[in-house]
Amino acid sequence: MSDPSNQEVLARNQKRGPQFKFLVPLIYAPVLPLIRIALRRNPVVRDRVFTAVLAGGFAHGFYLVTDLYDIESK
């Protein structure tokens, strides 16, 4: 049987609204073409910044995937 106090804790812990960690790609995805356009005159800096932002995107995706697997394994 479910404990009523346990249900209250679960209801309190459940967040309402968007989880911002899933909305981060909406920020860095449009930045990638802007980097290519804005730094057109300086290809060395352009490529380094583009690579850094792309690596950050992959790292963020890796974090989300491993976090989801960690939650499912518990």
Side-chain angles (χ1 to χ4, degrees):
M1 245 185 166
S2 300
D3 185 20
S5 63
N6 191 20
Q7 290 177 352
E8 290 174 16
V9 171
L10 288 176
R12 200 173 338 123
N13 287 340
Q14 187 178 15
K15 294 182 179 179
R16 299 193 189 271
Q19 292 185 357
F20 290 104
K21 65 183 178 181
F22 295 121
L23 296 176
V24 171
L26 295 175
I27 296 168
Y28 66 77
V31 168
L32 290 173
L34 292 175
I35 290 170
R36 302 295 272 186
I37 294 168
L39 298 174
R40 191 175 347 160
R41 303 271 186 236
N42 197 345
V44 174
V45 174
R46 177 192 67 200
D47 291 342
R48 288 182 182 167
V49 171
F50 187 85
T51 303
V53 172
L54 195 60
F58 281 124
H60 179 256
F62 181 74
Y63 164 74
L64 290 178
V65 169
T66 55
D67 190 37
L68 289 175
Y69 284 139
D70 187 42
I71 291 171
E72 288 179 2
S73 67
K74 288 182 181 181

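Rounding to the nearest 0.5 angstrom, the gap separating the CZ atom in Arg36 from the CG atom in Asp47 is 5.5 Å.
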Under the side chain to side chain contact (heavy atoms under 4.5 Å, CB included) rule, what do Arg48 and Val53 come out as? Steps first, then yes or no, please.
CA-CA 9 Å; Arg48 288 182 182 167; Val53 172; over 6 Å; no
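When hydrophobic clusters are built by joining Ile, Leu, Val, Met, Phe, Trp and Tyr residues whose side-chain heavy atoms come closer than 4.5 Å, directly or via intermediates, Ile27 is not grouped with Val49. Linking Ile, Leu, Val, Met, Phe, Trp and Tyr whenever their side-chain heavy atoms come within less than 4.5 Å leaves Leu64 and Val24 in two separate clusters. Using a 4.5 Å cut-off between side-chain heavy atoms of Ile, Leu, Val, Met, Phe, Trp and Tyr, with links allowed through other members, Leu26 and Leu32 fall into different hydrophobic clusters.
Other residues, nucleotides and ligands contribute at most 12 non-hydrogen atoms within 6.0 Å of the CZ atom of Phe62. Atom OH of Tyr28 has more than 12 heavy atoms from other residues, nucleotides or ligands within 6.0 Å.
What you find for Pro30 and Pro25 is that their closest heavy atoms are CD-O, 4.0 Å.
Contact annotation: the side chain of Val65 never approaches that of His60 to less than 4.5 Å [non-hydrogen atoms, C-beta and beyond].
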